[in-house]
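Since the structure comes first, as structure tokens, the remarks are kept for the end.
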Amino acid sequence: MNTKKIAVSCLATTMLATLFSGCGGSSSKNEIYFLNFKPECAEVYEKIAADYEKETGVKVKIQTAASGTYEQTLKSEVAKSEAPTIFQVNGPVGYQNWKDYCKDLKDTKLYSYLSDQSLAVTNGDGVYAIPYVVEGYGIIYNDAIMEKYFALPDKAVSISSTEEINNFETLSQVVEDMTKHKEELGIEGVFASTSLSSGEQWRWQTHLANVPFYNEFKDNTAFDNTILAGLDAKEIEFKYNENFKNVFDLYINNSCTEPGMLSSKSVNDSMAEFALGKVAMVQNGNWAWSQIKEIEGNTVAEEDVKYLPIYTGMEGEESQGLCIGTENYFAINNKVSEEKQEMSVAFLEWLFSSDTGKSYVTNELGFIAPFNTFGENEQPSDPLAKEVSSWMQKDVTSVPWTFAAFPSEEFKNKFGDALLEYAQGQKDWNGVVSNVQEAWKTEVAAKSQS
Amino acid sequence: MEKSLKKYFPVFVLPTLIAFTIAFIVPFILGIFLSFTEFTTVTDAKWVGLKNYLRIFEDGDFLNALWFTVRFALVSVISINVFAFLLALLLTRGLKGTNLFRTIFFMPNLIGGIVLGYIWILILNGLLAHWGVTITYDPKYGFWGLVILMNWQLIGYMMIIYIAGIQSVPDSLIEAAKIDGATSGRILRSITIPMVMPSITICMFLTVSNAFKLFDQNLALTAGAPSNKTAMMALDIYTTFYGRVGWEGVGQAKAVLFFIIVAIISLPQVLTTRNKEVES
């Protein structure tokens, strides 16, 4: 009986022990928690955190949300007792969801570093989110292939370099003629796959859509800013849908992938096709450089990667530049202890003003940082970021990121779903247009309801 | 023995009870409470009454998902059980290599749902590429893709249950029937099937509840594409909760409805299984 007793109590303790062993965990006072939005930067942030801990003794816990899952990760992380102290919102719309959690950053040095303080997300007197990177996107092209094309004896266009393309008409002539010559050029298609699998549609329903919606909201002269005009719009006309269709058709009809197969393609697939030299063009932004660079068997030379603005056939688009803006804003969680809030601000200030931090930002993260702490020579060296900077200097009008005014993720998803059905030939273009108008209306209405 | 069992009863039950409370009862009650509130994170809920339940029916997504799930459950429950039973019959005949085949058929069940989904998306897309389309081209493809996947995964498991049932049929009964001149079809109808009735109820219960709760496979294979037309209920709840800002409460309300529906469907089955157990 005695041995039995011992056995029983042993069993019971083991059970209890296994039950609670998972519950421990470190909760150090000297720890801040940064929930990272950019998976492509995850490794660099780890290095930064290690250096910062060495320098100051403050541990920075970096967690990265998988692509397209930031909102849900943030939602569940914030509810934990060890909540993120630094998180990210995507602009005025994102701020609305998280306004109860954003600390006022008006008196921080970080805010004073901003070279253009109007970029920050404000509400009344307070400053609640601070942009940390300026990005630009357009059509990335591989100049080696383009030069090969312009050297062809039987090309159908009169121009002799890609730089001379300055409107949709020329662009489409060049692209369609390149498709005819794709064997000679050694490519499978002019454009990389129009990735339309779910979660991979943002290059179209957000980025490409930015151009026609920017033009639509620009026509509303009551506002001096297209984002504000967009946020005010209860309904949209999608006035320039033909322009969207122009480019979208060009993308899907001159691609290396059959339209019916697009729903299985991801952004990574498209970037790989570009990096391997299978295609000459791909629509994306400067963040894509790290993806292009890291693909094995990459055949694209650094000096051949260049940008073309997204021309849609608008009048006067010869003076249109790249789409430049940001949807990356840092916010500090005001529900964590005062101490941790201060430490978080200090970390960000260190990152954007100390020499170590700045060198990480320009050289490894490759950010074009909108802070006055960065000198002329402290700009990123990657070719796409350099191209963005040079386009910003050119005598053209950059298109701001008007998509910050899109009412919700659901709107974008419905837009993307309609595009997929259109690409697969199951829906006509009028159907897409009415879906988009309808989605905007219901999503704006749903927003005002909650 | 009886006495010491009574004495140590709390020691054995308490850990499980604590775990059950933490992992099930508390979230369950919290979940029902949250379905009547509006919230961003679970710690800052505002009471809004029945509004969330009314908003469920604002768009057709939930009803579409429900209808899709019902159709899927019907087709897959029938096909899984028929195939599993036939396989079990085949593999209790004492053929050569029976054990090897049983193992092979059971193996898919050991792979996680997400992985299965990704494996099948490759296979199905590879096949459909001949016609220049993919699994998300049409909701029909997604539907049958899911049925195939579910069959592949569950047939082995159900087969094991049926094998156990068939093997427990006493040989004497079958022998007696043979002596009486019964054909093998007659033996199957009048002896084997009635004798494995308990296994059939278990398998029905397992497949129905699995079909209704299917999530991983759905997420990995189609993720609801195109246009949410292949989203089943669990996936619809997930996308409502996580995909739409301001709709967290609605997602929660959908989850409560989902629980009620699944409970209504599986309760009779639990009860009938109980009855059978008492009889035997």
Side-chain angles (χ1 to χ4, degrees), chain A residues 1 4-5 8-9 11-20 23 69 71-80 83 93-94 96-101 196-199 258-265 335 408-410 413-414 416-418 420-421 424-427 435 442-443 446-447 449-450, chain B residues 1 4-5 7-8 10-16 18-19 22 38-44 46 48 51-52 55 58-59 61 121-122 124-126 128-129 131-138 141-142 219 222-229 231 238-250:
Chain A
M1 192 63 203
K4 230 180 208 168
K5 238 182 203 170
V8 164
S9 36
L11 250 176
T13 15
T14 345
M15 277 162 85
L16 271 170
T18 35
L19 179 68
F20 289 113
C23 297
T69 63
E71 278 291 313
Q72 64 228 51
T73 313
L74 180 58
K75 233 179 250 176
S76 50
E77 288 297 307
V78 158
K80 293 182 183 169
V93 175
Q96 284 304 319
N97 307 323
W98 292 101
K99 60 181 173 208
D100 297 340
Y101 288 84
L196 283 169
S197 66
S198 73
E258 299 251 333
M261 302 295 293
L262 292 175
S263 66
S264 66
K265 294 293 177 186
K335 306 248 157 141
S408 67
E409 278 304 306
E410 183 72 8
N413 290 341
K414 284 193 174 148
D417 288 338
L420 174 60
E421 287 184 52
Q424 294 179 338
Q426 293 156 320
K427 187 172 254 171
N435 277 11
T442 54
E443 285 305 305
K447 222 168 50 171
Q449 197 190 87
S450 61
Chain B
M1 192 64 207
S4 73
L5 253 186
K7 201 167 147 199
Y8 288 110
V11 182
F12 282 110
V13 168
L14 211 62
T16 322
I18 293 171
I22 293 173
E38 235 158 47
F39 61 97
T40 314
T41 64
V42 292
T43 44
D44 62 353
K46 273 192 264 339
V48 292
K51 186 173 154 199
N52 288 331
R55 278 178 88 187
E58 249 174 43
D59 56 19
D61 278 353
I121 205 168
L122 285 178
L124 293 170
N125 276 344
L128 288 169
W131 295 277
V133 292
T134 65
I135 181 111
T136 48
Y137 181 78
D138 191 297
Y141 299 166
L219 180 72
T222 65
S227 306
N228 272 339
K229 281 178 195 150
Y238 171 81
T239 44
T240 315
F241 191 94
Y242 283 118
R244 308 188 68 174
V245 168
W247 288 67
E248 293 85 357
V250 183

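Here is how names work: the chains are called A, B, and so on, in the same order as the sequence lines, proteins then strands, and each is numbered from 1.
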About how many Å separate CG of A/L196 and OG1 of B/T134, when rounded to the nearest 0.5 Å?
10.0 Å
Quick check: closest heavy atoms across A/E410 and B/D61, and the distance to 0.1 Å?
OE2-OD2, 4.5 Å
Which one of A/K335, A/E258, A/K75 has the most heavy-atom pairs closer than 4.5 Å to chain B?
A/K75
Please round to the nearest 0.5 Å and tell me the distance separating atom OG of A/S263 and atom OH of B/Y141.
11.0 Å
Where do B/R55 and A/A446 come nearest, in terms of heavy atoms and distance?
NH2-O, 3.9 Å
Contact class of A/S264 relative to chain B, heavy atoms under 4.5 angstrom
both
Taken in chain and number order and not counting sequence neighbours, the residues that satisfy salt bridge (Lys or Arg N to Asp or Glu O under 4.0 Å) with A/K99 are none
Measure the CG-NZ distance between A/D417 and B/K229 for me, rounded to the nearest 0.5 Å.
8.5 Å
Interface moiety of B/Y238 toward chain A, non-hydrogen atoms closer than 4.5 Å
side chain
For chain B, which of A/G260, A/S76, A/A418, A/A79 has the most heavy-atom pairs under 4.5 Å?
A/G260
Interface check, chain A: of B/F241, B/W131, B/Y242, most non-hydrogen pairs under 4.5 Å belong to B/Y242
Rounded distance [0.5 Å steps], CG in A/L262 versus OH in B/Y137:
11.5 Å
Contacts of A/E409 that satisfy salt bridge (Lys or Arg N to Asp or Glu O under 4.0 Å) - sequence neighbours left out:
A/K412
Region of A/Q424 that comes under 4.5 Å of a non-hydrogen atom in chain B
both
Calculate, to the nearest 0.5 Å, the distance between atoms CE and CG belonging to A/M261 and B/N125 respectively.
6.0 Å
Toward chain B, the part of A/Q96 with a non-hydrogen atom under 4.5 Å
neither
